[in-house]
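Below, chains carry the letters A, B, ... as their sequence lines are ordered, and counting in each starts from 1.
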Number of protein chains: 2
Amino acid sequence: MTRSQIEYILALAKLESFGKAAKACFVTQSTLSAMVAKVEEQIGITLFNRKTRPVSLTPQGERVVKVLKSIYREYQVFDEVVNEIKGYDVGDLSIACIPTVAPYLYPLILNEMSRKHSEINFTIHELTTENIIEEIIAGDIDVGIVSIPLEHEELKEYDLYVEDFLLYDCGNTSKSSKFKVSDIDLERLWLMEEGHCMRNQVGKICELRQLKKINGNLTYNCGSIFTLIEMVKMNKGVTLLPRLALANNTQIQEHNIYNILAPVPSRKIGIVTHKNYVKKGMLSDLIQIIKDAVEGFLPKNTSEQAIFKPLR
Amino acid sequence: MTRSQIEYILALAKLESFGKAAKACFVTQSTLSAMVAKVEEQIGITLFNRKTRPVSLTPQGERVVKVLKSIYREYQVFDEVVNEIKGYDVGDLSIACIPTVAPYLYPLILNEMSRKHSEINFTIHELTTENIIEEIIAGDIDVGIVSIPLEHEELKEYDLYVEDFLLYDCGNTSKSSKFKVSDIDLERLWLMEEGHCMRNQVGKICELRQLKKINGNLTYNCGSIFTLIEMVKMNKGVTLLPRLALANNTQIQEHNIYNILAPVPSRKIGIVTHKNYVKKGMLSDLIQIIKDAVEGFLPKNTSEQAIFKPLR
DNA sequence: TTCGTGTCATCGCTTTTTTCGATAAAGTTA
DNA sequence: TAACTTTATCGAAAAAAGCGATGACACGAA
């Protein structure tokens with residue numbers, strides 16, 4: 001059982017096609033077919049069902065592939081360690097971030113990351129929490145930036161910062177500048193569309209009182225936070241915006257931003273990786289860069305305020 | 001980097017000799033030498049210092065070997081899973097147990113284990129906690145039965161049972177049959193010799209009052225619990241014996257055994273394995289067999305009494 | 001049914017890798 | 001220095017991995 005054989009099997013399990021897997025592994029289809037067959041023969045277990053279209057894993061194959069993934073991961077660790085010993089700072093790093101954080105966080109950190117690690121190929125994604133979890137487990141993404149805690153079995157979480165929400169009300173008629181969560185007019189509340197954790201966060205904050213209304217005919221689901229802001233602006237609506245959305249942002253009319261009185265709603269943003277992840281050096285560096293980058297934009301001491309767990 | 005190359009390097013790191021490592025891997029010395037050299041060349045890191053006698057790991061080698069051990073472990077998991085899928089119940093299982101538990105526990109479980117898993121080769125050891133930890137980390141022993149908690153970074157613990165201590169006093173002159181720990185006559189107290197965790201357990205129980213006395217000229221260190229019992233008997237001494245020592249034991253004169261009033265001193269016995277250990281099926285089976293075996297011998301509800309952490 | 005098409009398996013051959021035995025080189029001990 | 005032990009190297013042989021071409025098979029369209 002060689003490392004390449006493991007890679008062939010994992011590629012086949014993922015791509016569900018001998019041809020595609022072969023291409024991905026830079027060998028011919030015949031080689032990959034022969035190698036997979038050879039492993040199956042050696043261990044005496046049929047891993048793939050070739051009669052289905054596309055090719056599928058047998059139940060036994062599922063179990064074996066799971067273990068092979070672990071071996072593969074350890075090999076990756078090995079590569080990392082070798083590179084680290086040799087003082088290299090090379091390889092790939094793919095980062096995914098939820099859409100309500102990405103547009104405000106990425107600009108703050110990407111330049112510094114790419115400058116500090118000029119030999120690393122960074123790949124940036126903007127995905128929902130759900131997709132980030134999937135991709136991390138599949139091994140396609142190294143680190144995710146999401147609202148924590150997720151408390152997922154296969155993942156490991158690292159704190160980044162606590163971000164408070166501000167009230168963005170473009171139809172405020174009262175002269176008061178002090179608002180409580182309970183003052184929010186649910187009739188004019190706008191939310192991100194389903195699948196975005198901020199929908200759940202904001203939904204939860206305003207919840208409890210009358211959750212049904214949120215899905216009522218007055219709410220429109222926005223696919224991006226920019227759209228959300230625009231919709232609120234145009235319709236004299238109201239929503240909660242995370243603090244970082246305010247930084248360096250010309251889209252938002254500042255006079256429509258209101259602080260919320262305690263308990264200030266907030267969310268905790270953190271990094272998640274696979275529990276066996278090991279680009280430790282890179283990870284701790286990334287964490288530090290993010291912490292430094294957001295420091296000036298966030299109020300102090302928000303850490304112990306109400307924190308909402310995303311539902312998805 | 002093949003699996004065998006990893007095995008060669010690990011063998012060499014362990015045996016510190018190309019010849020011995022080659023023998024252990026069932027290849028010639030030239031093959032092993034060439035393969036190790038080849039890996040070193042491929043990764044561009046010198047792993048071994050050949051000028052020292054015996055051969056030693058370079059600092060970089062230490063780091064690499066650590067990772068290779070992880071890969072090797074995962075390969076072992078792979079083997080396990082393959083065997084499990086194929087319904088085999090084969091392989092080896094080496095169990096180590098502390099000396100104050102071994103003579104009473106092993107007889108209760110070994111027959112059943114070997115009967116249930118007739119194709120497994122069991123190896124039994126009697127070692128101190130310290131040695132068990134070392135051997136588990138080295139990978140030479142699969143499971144250890146010790147007094148827990150150890151809270152060791154590399155190990156994982158599983159509860160087995162809580163065992164209370166009884167007073168064994170061969171020179172009791174008072175007519176009372178009710179004793180408290182504080183009644184123990186330190187002048188006549190006998191302990192296991194250094195290195196046995198029961199020395200620390202019993203020492204701790206009687207401690208605090210006058211720890212110095214324990215190492216005074218009236219205490220003699222016994223290397224086995226049988227010797228300890230004999231010495232106490234012969235010298236009208238006193239000691240604490242774990243409950244299981246009483247079961248099926250003709251050595252102890254029962255009229256010299258006294259219950260101790262609450263708080264009843266006790267120790268928690270558990271299984272420890274390497275944190276990445278995976279003969280899961282075998283392990284859970286072993287745990288169940290042990291729990292069943294000792295159940296009749298132990299009093300109920302001792303679980304939440306004073307538990308003493310072994311110092312070594 | 002039959003034909004085409006896409007997909008995987010198989011065959012013979014080449015290249016690469018692993019292993020061996022023998023021997024050279026290096027290091028250690030007496 | 002000689003004798004001995006240990007590791008490195010060499011050429012040959014055996015094993016394994018890879019390739020291209022072709023065969024086998026399933027599936028849908030004619």
Categorize A/F48 for me: base, sugar-phosphate, or nothing, with a 4.0 angstrom heavy-atom threshold over every strand shown.
nothing
Review item, nucleotides 9-11 of chain C N/O atoms under 3.5 Å of protein N/O:
unit_1, atom_1, unit_2, atom_2, d
C/dA9, OP1, A/R50, NE, 2.0
C/dA9, OP2, A/S33, OG, 2.7
C/dA9, N7, A/Q29, NE2, 3.0
C/dA9, N6, A/Q29, OE1, 3.1

Can A/H274 and A/D142 be counted as having a side-chain donor-acceptor contact under 3.5 angstrom?
no
Verdict with supporting geometry, B/V36 and B/R50, side-chain contact (heavy atoms from CB on, under 4.5 Å):
CA-CA 12 Å; B/V36 173; B/R50 286 130 167 108; 3.8 Å; yes
Where along residues 59-75 of chain A does a heavy atom come under 4.0 Å from DNA chain C, residue by residue in number order?
none
Expected output: side-chain A/S118 to main-chain A/R115 donor-acceptor under 3.5 Å:
no
Rounding to an integer number of Å, can you tell me how far A/M35 CE sits from C/dC8 P?
17 Å
Closest non-hydrogen atom pair between A/P107 and A/A102, with its separation
CD-O, 3.7 Å
Do A/H125 and A/N131 have side-chain N/O donor and acceptor atoms under 3.5 Å apart?
no
Which atom pair, heavy atoms only, marks the closest approach of A/Q76 to A/R3?
N-NH2, 4.3 Å
With nearest nucleotide decided by heavy atoms, which residue, A/Q42 or A/L32, maps closer to the 5′ end of DNA chain D?
A/Q42
Surrounding NZ of B/K66 (heavy atoms of other residues, nucleotides or ligands, distance under 6.0 Å), is the total greater than 12?
no
Taking 5' to 3' order, which nucleotide of DNA chain D is first and which is last to have an atom within less than 4.0 Å of a heavy atom in chain B?
D/dT6 to D/dT9
Between B/E84 and A/R63 (salt bridge meaning N to carboxylate O under 4.0 Å), is one present in this structure?
yes
Do A/K275 and A/E153 sit within salt-bridge range, that is, some charged N less than 4.0 Å from a carboxylate O?
no
For B/K51 and C/dA25, what is the distance between atoms NZ and C1' respectively, to the nearest whole Å?
12 Å
Flag, side chain of A/Y8 to backbone of A/S33, donor-acceptor distance under 3.5 Å
no
